[in-house]
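From a predicted model like this one, the values you see are computed outputs, not experimental measurements. Quick note on labels: first sequence line is chain A, next is B, and so on, each numbered from 1.
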2 protein chains.
Amino acid sequence: MRIGELSRRTGVPARMLRYYEEQGLLEPERAGNGYRLYGGAAVYRVQQIRGLLDSGLTTEIIRRILPFLDAGDIHLRPQCLTPELAELLQAEADRITARIDCLARNRDALLRYLSTVRG
Amino acid sequence: MRIGELSRRTGVPARMLRYYEEQGLLEPERAGNGYRLYGGAAVYRVQQIRGLLDSGLTTEIIRRILPFLDAGDIHLRPQCLTPELAELLQAEADRITARIDCLARNRDALLRYLSTVRG
DNA sequence: GTTTGCCTTCACACTGATGTGAAGGTTTCA
DNA sequence: TGAAACCTTCACATCAGTGTGAAGGCAAAC
């Protein structure tokens, strides 16, 4: 699909799809006329990017961990994982866990208040 | 305590503590000479603010939900909760849940990859 | 063949969170 | 009395993510 359809299907402005590409998060094919061409998987990919951005990750962090988030097959060879990279991924996972804990704690407090007051 | 000590104890630059105050997230007392004076609870409060900011909330959202996050007592009277406010709090709780789901999904994928490759 | 609706790149503006530093007041200590 | 270490306000800069629009190419439809 072209950029307009992807934009419509994800609700993300075409401007941002180009920006995410510039940041190395999307790599669409190009048609002969220069138009960007996205596969169906791009819809999920874009939603994933937006969710992570909205949860406080930067495009730089997302770019680094993105190859390992859908790791079905290709990256499974151990030589892809240098010790430094493993450490980075583990550190990011830990930061994400800290975010989850913080969010869960505060959301629960919010819901507790709501249910108490609502009676 | 004064701003320097709070900064030291939280690791947050004094500059940002003043900014959070400007945004309505902190309300320190003032000494006769104009110095800001924080109570001990400010340490936790600041860490809470930082955690939420790092998880994608804005100072504006934090300001709105903050009074209800520590709701031990004061705000428990139902007349504090207009239907509009309840809706807003519920909507924010839902957004937070969406963030948690997104983060957990991607963190789990990351950890799955790590444990597979590490063997 | 011109209009219409896509698409392209490029540039400039804005916003929120943050860094940096100037200019000056207060307290403490040598 | 003066230096050192606090504090104050104010202003200007930076950075990432986003909005907006200009100038122009391509393609389908009338």
Length of the line joining A:Met1:CE and C:dC6:P, which is rounded to integer Å: 16 Å
Is there a side-chain contact between B:Arg18 and B:Arg36, using heavy atoms and a 4.5 Å cut-off? yes
Over all atoms of both residues, closest heavy-atom pair of A:Leu103 and B:Leu103: CD1-CD1, 3.9 Å
Once you round it to whole Å, what is the distance between C1' of C:dA17 and CD of B:Glu21? 17 Å
Quick one: A:Tyr38 OH to C:dC7 C1', roughly how many Å, whole number? 11 Å
In the structure I gave you, are the side-chain heavy atoms of A:Arg95 and A:Leu57 within less than 4.5 Å of one another anywhere? no
Looking at A:Arg8, I'd like to know whether one of its side-chain N or O atoms comes within less than 4.0 Å of OP1 or OP2 on C:dC6. no
What does the B/S/- profile of nucleotides 10-23 of chain D look like, 5' to 3', with a 4.0 Å heavy-atom cutoff to protein? -B----SBBBB---
Check the distance between C:dC7's P and A:Leu17's CG and give it to me in whole angstrom. 10 Å
B:Tyr20 vs B:Leu53 side-chain heavy atoms within contact, under 4.5 Å: yes
Whole-Å distance between D:dC7 C1' and B:Glu5 CD? 14 Å
Keeping the roles fixed (side chain from B:Arg63, backbone from B:Gln23), state whether a donor-acceptor pair exists under 3.5 Å. yes
Dump the pairs, protein N or O against N or O of nucleotides 25-28 of chain C, anything under 3.5 Å, distances to one decimal.
residue	atom	partner	partner atom	Å
C:dG25	N2	B:Tyr35	OH	2.8
C:dT27	OP1	B:Asn33	ND2	3.4

Specify the closest pair of heavy atoms between A:Arg45 and A:Asp70, including all atoms of both residues, with the distance to one decimal. NH2-OD2, 2.6 Å
Can you name the one residue among B:Arg9, B:Arg2, B:Arg8 that meets side-chain hydrogen bond (donor to acceptor under 3.5 Å, both in side chains) with B:Glu5? B:Arg9
Grab the CD-C1' distance between A:Glu29 and C:dC7 for me, whole Å please. 17 Å
Carboxylate-amine/guanidinium contact A:Glu92 A:Arg64, below 4.0 Å: no
Within the pair B:Arg36 and D:dC7, is there a side-chain N or O less than 4.0 Å away from OP1 or OP2? no
Check: A:Ser7 side chain, A:Ile3 main-chain N or O, donor-acceptor pair, under 3.5 Å: no
